[in-house]
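We count residues from 1, following the sequence as given.
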Amino acid sequence: MSSVAHNSRARSTVEAKPLLSIKNPASSLEDIGVARCLPPEIENAGDNNNFSNNAHKSRQLQHQQYGRLISALSNLSTQYNLGSIAPALLLFDPKDAYNPPGGPAYPCSKEIDSLLKGVVFVGAILGQCMMGIIGDTIGLDKAMILTNMLTVIGVIGCTVAPLASRNDEDGNDAVDATYVYFVLICSRAVLGVGAGGIYPVASAMSAEIADCEAEVKGSVTTTDNRAKEVGNGLFWQTPGSMLPYFVSLILFVLFGKEHNGRDHLLATNLQYMILVGFGILPSLAVLILTAFQLNASKEARETFRESASAKSLGNESIIKASLHDPLNQMRLIGTGASWFLYDIIYYGAAFNLPQVLASVFGDDTDLVTSSWRNLFVTSMGLPGVMHALRLFDVMGTKSLQGYGFCSLGVNCLALALCDAMDAGPKIMFTFCCCLIFTLNWAINVSTYVMPMESYPREVRSTFHGFSSGCGKVGGFIGGFFFSILYDRSVTLTFLVCALLSFIGVWVTWRYVEPFDDGVFSLKKRGDVVLYDQNVRRSEVMNN
């Protein structure tokens with residue numbers, strides 16, 4: 001497929017026409033990402049219409065408040081439960097990070113370690129694709145309840161895994177950890193389905209909040225407003241990635257840094273169960289809030305969604321028709337491939353962060369010191385995502401993602417060079433902090449927000465699920481294979497990350513809208529010339 005941006009033949013045969021005309025200023029608003037909250041027949045129905053009276057507006061405002069809280073807690077819960085396995089495995093088997101008294105409580109082979117980090121993504125892929133479709137089919141609230149119930153079940157299974165331990169058959173004091181890791185692997189798969197399903201549902205709920213807010217104000221939703229709302233929900237994933245190290249640090253201080261390992265099996269089990277079980281709390285809060293919201297605003301939300309249905313598609317399935325749309329296929333390559341490449345790097349780095357820091361500083365530290373370092377490094381993501389959210393006003397999502405992949409590639413090259421040259425711990429630690437900053441700065445936000453900008457409201461949860469599912473395929477590769485690759489060569493690991501980053505630059509340029517914008521310019525989205533989707537569809541089909 002040749003580039004749409006430089007295909008003069010396609011643009012010469014199809015005349016680009018403006019989206020908005022003076023005669024019909026309400027035409028094709030959905031095509032440019034300006035979502036209409038109401039069709040004209042409802043907007044002009046008069047003061048007796050439910051969407052115009054004060055009581056309904058009050059319910060809509062209440063829905064926005066609950067929706068923002070649900071989105072924030074969901075994103076925090078997802079990242080905590082996905083990332084808590086890293087400090088949890090340090091309790092079971094610290095490996096190079098620390099030598100516990102009497103040896104590790106539950107010795108873990110490298111293959112089991114990689115499987116534990118990778119199996120959750122298999123469930124996440126299923127959960128994201130399935131829950132995205134369910135959210136567009138039966139409603140976002142019901143899908144949110146279902147996916148959080150699966151999350152709670154998975155977390156409970158992970159929490160009680162140490163209870164499956166058995167004494168070694170030789171009759172000594174050693175513990176057979178086979179059943180522990182079997183229960184943990186199965187539970188992590190279920191957790192992956194639930195945590196993965198939160199991605200498309202929470203993002204679609206955030207986008208709907210922006211639509212509802214515009215409806216209450218009597219205006220329309222722009223891509224900027226929707227992107228900011230979705231990005232604000234995403235922000236809470238960064239504190240969620242920090243929280244496991246913060247909780248583990250508190251536990252190590254309370255229980256004592258020496259009270260872990262085989263000689264302190266009970267203390268080790270308690271610390272593990274508290275650390276992993278803590279992830280149940282935000283999921284339960286989301287369940288309660290969503291059930292309350294579903295009951296309180298059922299009539300208003302049903303009316304809102306009914307008004308957003310695509311009646312012009314007749315009896316044909318909306319999702320099936322959207323998947324056959326060549327423009328949406330082009331978009332899915334951009335949103336899916338970008339997320340795929342990013343998650344390989346992100347989860348490969350995040351899951352192996354404790355081992356990376358241990359190799360930098362040596363294994364003569366305790367778990368408290370190791371947790372402090374992990375917490376400090378992961379906290380670098382906070383300024384990164386905060387700065388990225390502010391850039392929506394001056395940079396398009398495409399520009400933000402393009403520059404993000406560029407900076408990530410340069411950072412990975414620097415880390416590979418430092419490791420090859422045996423740079424000191426301070427230099428490596430500095431670049432590790434920069435790596436976490438760049439991972440959270442641009443691509444983390446753009447990949448999450450882009451599906452909400454690109455696809456029609458009726459199917460944006462579905463396509464967000466497909467896009468994030470592609471990401472979790474990359475996360476599986478990063479979590480599973482990078483652990484093995486890291487053992488062979490740290491330099492090679494970061495060189496592979498740099499190569500993937502620069503491939504991401506090309507994917508962003510080639511497959512992310514606007515297709516005719518070949519340079520990652522800093523102009524606002526509003527300054528980009530927008531054309532009718534039918535014209536874009538014709539351009540894609542001609543190529």
Side-chain angles (χ1 to χ4, degrees), residues 30 35 67 70-71 74-75 78 120-151 153-154 189-209 211 226 230 233 286-287 290 294 301-302 304-337 339-340 343 447-476:
E30 186 70 36
I70 290 171
S71 178
S74 297
N75 280 287
T78 298
V120 69
F121 293 106
V122 177
I125 296 166
L126 176 63
Q128 286 166 332
C129 296
M130 179 176 64
M131 292 301 170
I133 298 175
I134 291 175
D136 283 330
T137 305
I138 67 174
L140 299 177
D141 289 331
K142 294 178 182 178
M144 181 63 78
I145 291 175
L146 177 60
T147 192
N148 273 278
M149 288 179 63
L150 291 172
T151 301
I153 293 173
V190 177
L191 172 62
V193 177
I198 290 175
Y199 274 75
V201 179
S203 61
M205 290 184 73
S206 296
E208 190 173 283
I209 291 170
D211 296 342
R226 191 184 301 132
V230 176
V286 171
L287 279 174
T290 308
L294 181 63
R301 291 178 63 79
E302 285 179 350
F304 181 85
R305 289 201 180 92
E306 183 179 356
S307 69
S309 64
K311 300 177 182 178
S312 61
L313 293 178
N315 296 326
E316 186 177 4
S317 169
I318 298 175
I319 297 175
K320 183 178 180 180
S322 298
L323 286 172
H324 286 83
D325 189 330
L327 179 58
N328 286 334
Q329 291 173 358
M330 175 74 95
R331 289 167 169 167
L332 187 58
I333 295 175
T335 58
W339 213 328
F340 170 79
D343 271 13
T447 52
Y448 189 83
V449 170
M450 199 177 296
M452 293 296 104
E453 292 182 334
S454 302
Y455 303 104
R457 175 169 53 196
E458 300 82 24
V459 293
R460 58 192 178 196
S461 175
T462 297
F463 278 94
H464 194 286
F466 292 156
S467 301
S468 55
C470 292
K472 289 303 169 285
V473 173
F476 173 81

- [ ] Work out which heavy atom in Ser461 is nearest to a heavy atom in Gly135; give both atom names and the distance.
- [x] OG-CA, 4.2 Å

- [ ] Please round to the nearest 0.5 Å and tell me the distance separating atom CD1 of Ile138 and atom CE of Met131.
- [x] 8.5 Å

Task: Within-4.5 Å side-chain heavy-atom neighbours: Thr462 and Ser322 - done: no

TODO: Please name all residues satisfying side chain to side chain donor-acceptor pair (under 3.5 Å) with Thr78, sequence neighbours left out, ordered by chain then number.
DONE: none

Open item on the list: How long is the straight-line distance from SG of Cys129 back to CZ of Phe463, given to the nearest 0.5 Å?
Closed with: 11.5 Å

Task: For the student: nearest non-hydrogen atoms of Ser468 and Gly465, plus distance - done: OG-O, 3.2 Å

TODO: Under the side-chain contact (heavy atoms from CB on, under 4.5 Å) rule, collect the residues that match up with Val193, sequence neighbours excluded.
DONE: Leu126, Met130, Leu150

Task: Separation between CG of Leu146 and OG1 of Thr290, rounded to the nearest 0.5 Å - done: 11.5 Å

- [ ] First locate atom CE of Met330, then atom CG of Asn328, and finally report the distance between them rounded to the nearest 0.5 Å.
- [x] 11.5 Å

Task: Test ring-ring contact (aromatic ring centres under 6.0 Å, His included) applied to Tyr448 - qualifying residues, sequence neighbours left out - done: His464

Task: Met144 side chain reached by Ser74 side chain, heavy atoms, under 4.5 Å - done: yes

Task: Contacts of Asp136 that satisfy salt bridge (Lys or Arg N to Asp or Glu O under 4.0 Å) - sequence neighbours left out - done: none

TODO: With sequence neighbours left out, write down each residue that passes side-chain contact (heavy atoms from CB on, under 4.5 Å) with Thr335, or none if nothing qualifies.
DONE: Leu332, Met450, Pro451, Ser454, Tyr455, Ser467

- [ ] Check whether any side-chain heavy atom of Lys142 lies under 4.5 Å from a side-chain heavy atom of Ile134, and answer yes or no.
- [x] no

TODO: Drop me the distance from Met452's CE to Ser203's OG, to the nearest 0.5 angstrom.
DONE: 4.0 Å

Task: Donor-acceptor contact present, side-chain Thr151 to main-chain Leu191, <3.5 Å - done: no

Task: Asn75 to Gly233 - nearest heavy-atom pair and separation - done: ND2-O, 3.1 Å

Task: All pairs passing salt bridge (Lys or Arg N to Asp or Glu O under 4.0 Å) where residues 465-475 contributes a residue, at least two apart - done: Asp343-Lys472

